[in-house]
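All remarks here apply to the structure that follows.
Just so it is clear, the model here is predicted, and its values are computed rather than measured.
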Amino acid sequence: MSCNAVYLEEGEIKSKPRSLSIERNLESHSEWDKCKSKSCPLLDLPQDVQISCLSYLHPSEILNLSSVNRQTRDMIHEEDGPRSFSTLLWYHIFVRDYSFVITKWKYGIEAVDRLRQMQWNCPKGIASLLGKDDENNDEHAIRTPTMKEFYLMFGLSWLDFTIAGRTESPTLVGIHGHVFNMTSFLNEHPGTPETIITMGGGRDATSFFEDIGHSINARSIALKRLVEIVDLSCCECDGENQISVGLTENADHIDGILPLKRTELRIPGTLRQLRQHYRKMQRKMEDAATTSRLPGMPPERNGRPVLENLNIYFDPLCYCWKAWYLNLDFQPVFVHEISGRP
C-alpha cells in the first residue's frame, strides 16, 4: 500500500495527491542523501586532531555527529579493538568528564580499592587507568562493554557506586545527582542523626529528601556547607558558557545545583533509551530484593531482614548489579553480584 493512501469512511482506499510541500520535502531529502554520501572534512584530519576537536563537544553532540553519514557513524560507534578510533574517543571523553571521581576523589578511590580482588568486566583502558591488570582471559566470559557503553552507564551509576555503604565517617548522601557530605551536620539536623544514616546515607536519597519537603533555608545550608561532588549535567545553568557535563569538586559559581522548591529527580544527560533500561533493571532488582530471597540476602529476624532491605546499585567496573545493607551494629555489609549483567 502506498504511503500516500488514505482511508475513506466507506473503507475504500484512495490515493492522496502529493502537495507542493511534500514535493519540496522529497527534493530536500534527495539533496540530503547527496550530502550524506560526501566525505566529512573532519575525517581528513589526523586521528589525534580529530579526537582533540571532538573533545570540545558535549556527548550528545558527538552522538548527533554520528548521524551525518556512514563514515562518521562508524567513526563514533564502531569499536573493533582497544586502539579503534571510537574506543580512544570515548576513553578521552571519560577521562575529561568522570575519571577524577575514581582516580583523585578519596572516597571514589576507596570504592575502587574494595574491588581489587574481584573479576572486573570493563574496557581495558579503564582497567589500565585504575592500575588493574587484565584478568579476563576466559573465552566464554560475558562480553565486555564497549568504551561508549561504559561511559554512558558510568554516567548513570557513578553516584550510588562510589558512595555505597557510606553511612558514617563520612555520611555521604546523593541528592539530585550530586554528593553531599553530611558528617559535620548530623548533630545539627532537625531530625535525628539516625534518620540521615539509615534513610539517606550511602545512596541516592532524592525521593526521601523531597518527600520530607525541605525548606529553602535547608537547601541553602546544603549548598553552602555540604557539597562534595557536583554533576554538572544535573545543574540548571543560566549562563550560556557554563559546562553542562562532567563532575567537579568545586561548587563555587555554579548555578542551579539544587532546586529551591520541591521537584522531581533531575536526570543526567544520557541516552533516554539506555536511561529507561537502567531504571527498569533497577526497579526489577529492588522488587526482587523486597519480595524474595536473593543470593546474599541478609539474615532475618522474626521473618524480616535486619534494619533495612538491600540497597541496590550498579557496579560499572564489574558491570553487574550489587547491593549493601546495614547490620545491627550499623556497619555496611556488601552483597556482590545479586544478578546477571544488564
Side-chain angles (χ1 to χ4, degrees), residues 59 98 101 111 115 121-122 142-143 145-146 148-167 172-180 195-214 229 231 233-234 258-259 262-300 303-326 332-342:
Y98 296 124
V101 81
L115 309 174
N121 191 40
C122 62
I142 299 173
R143 182 185 72 87
T146 64
K148 184 187 75 173
E149 292 171 340
F150 178 84
Y151 174 90
L152 295 172
M153 285 296 288
F154 193 91
L156 289 169
S157 61
W158 73 269
L159 189 148
D160 282 327
F161 166 67
T162 55
I163 70 174
R166 290 289 182 179
T167 58
L172 302 181
V173 178
I175 303 175
H176 284 295
H178 317 294
V179 177
F180 293 82
T195 302
I196 297 179
I197 292 173
T198 59
M199 301 300 295
R203 74 196 81 173
D204 185 344
T206 303
S207 297
F208 177 72
F209 178 82
E210 293 295 359
D211 288 345
I212 296 298
H214 286 81
I229 299 291
D231 186 342
S233 67
C234 293
L258 280 182
R262 184 179 296 182
T263 186
E264 296 181 354
L265 171 67
R266 289 183 176 175
I267 300 173
T270 53
L271 292 177
R272 183 175 64 177
Q273 185 176 5
L274 178 64
R275 189 167 61 243
Q276 290 175 341
H277 174 70
Y278 180 88
R279 299 304 181 196
K280 180 180 178 181
M281 288 295 298
Q282 188 177 43
R283 288 193 296 268
K284 180 180 178 181
M285 292 297 102
E286 289 172 347
D287 291 343
T290 56
T291 59
S292 63
R293 292 275 301 178
L294 292 172
M297 196 73 173
E300 296 183 345
R304 304 185 65 179
V306 296
L307 288 185
E308 293 289 333
N309 290 322
L310 293 177
N311 299 292
I312 308 298
Y313 70 97
F314 185 77
D315 181 341
L317 298 181
C318 297
Y319 219 70
C320 63
W321 292 93
K322 297 184 176 182
W324 65 273
Y325 66 95
L326 289 177
V333 178
F334 288 89
V335 181
H336 297 289
E337 189 160 357
I338 60 172
S339 75
R341 314 289 166 158

Inset, instruction - Please report the shortest heavy-atom distance between P332 and G165, naming the atom on each side. - result: CG-O, 3.4 Å

Inset, instruction - Locate the shortest heavy-atom distance separating P316 from C122; write the atom from each residue and the value. - result: O-CB, 4.2 Å

Inset, instruction - Sorted by first residue and then second, give each salt bridge (Lys or Arg N to Asp or Glu O under 4.0 Å) pair with at least one member in residues 149-165; sequence neighbours left out. - result: R143-E149

Legend entry - Steps toward side chain to side chain contact (heavy atoms under 4.5 Å, CB included) verdict (L258, I175): CA-CA 8 Å; L258 280 182; I175 303 175; 3.7 Å; yes

Legend entry - Reported CG-to-CZ distance for the pair L172 and F180, which is rounded to 0.5 angstrom: 11.5 Å

Legend entry - Heavy-atom side-chain proximity of C320 to N121 below 4.5 angstrom: no

Legend entry - Donor-acceptor contact present, side-chain R275 to main-chain Q273, <3.5 Å: no

Legend entry - Sequence-distant partners of F154, ring pair (Phe, Tyr, Trp, His ring centres under 6.0 Å), two or more places apart: F94, Y98, F150

Inset, instruction - Before giving the answer on side chain to side chain contact (heavy atoms under 4.5 Å, CB included), spell out for D315 and L115 the whole-Å C-alpha distance, their side-chain angles and the decisive distance to 0.1 Å. - result: CA-CA 10 Å; D315 181 341; L115 309 174; 3.2 Å; yes

Inset, instruction - Quick one: pull up CE in M285 and CH2 in W321 and give me the separation to the nearest 0.5 Å. - result: 8.0 Å

Legend entry - I229 side, atom CD1; H178 side, atom NE2 - distance, nearest 0.5 Å: 11.5 Å

Legend entry - Euclidean distance, H176 NE2 relative to E210 CD, rounded to 0.5 Å: 3.5 Å

Legend entry - From CA spacing to verdict: side chain to side chain contact (heavy atoms under 4.5 Å, CB included), I196, V173: CA-CA 8 Å; I196 297 179; V173 178; 4.1 Å; yes

Legend entry - Nearest-0.5 Å distance that lies between atom CG in L156 and atom NE2 in H277: 10.5 Å

Legend entry - Distance (rounded to the nearest 0.5 Å) between R283 CZ and I312 CD1: 14.0 Å

Legend entry - T167 and L326, any side-chain heavy atoms less than 4.5 Å apart: yes

Inset, instruction - Using side chain to side chain contact (heavy atoms under 4.5 Å, CB included) as the criterion, point out the one residue from F161, F314, Y313 that pairs with K322. - result: Y313

Legend entry - Which residues share a side chain to side chain donor-acceptor pair (under 3.5 Å) with D204, sequence neighbours left out: T206

Inset, instruction - If the plane angle is over 60° it's perpendicular, under 30° parallel, otherwise tilted; pick one for F334 and W324. - result: tilted

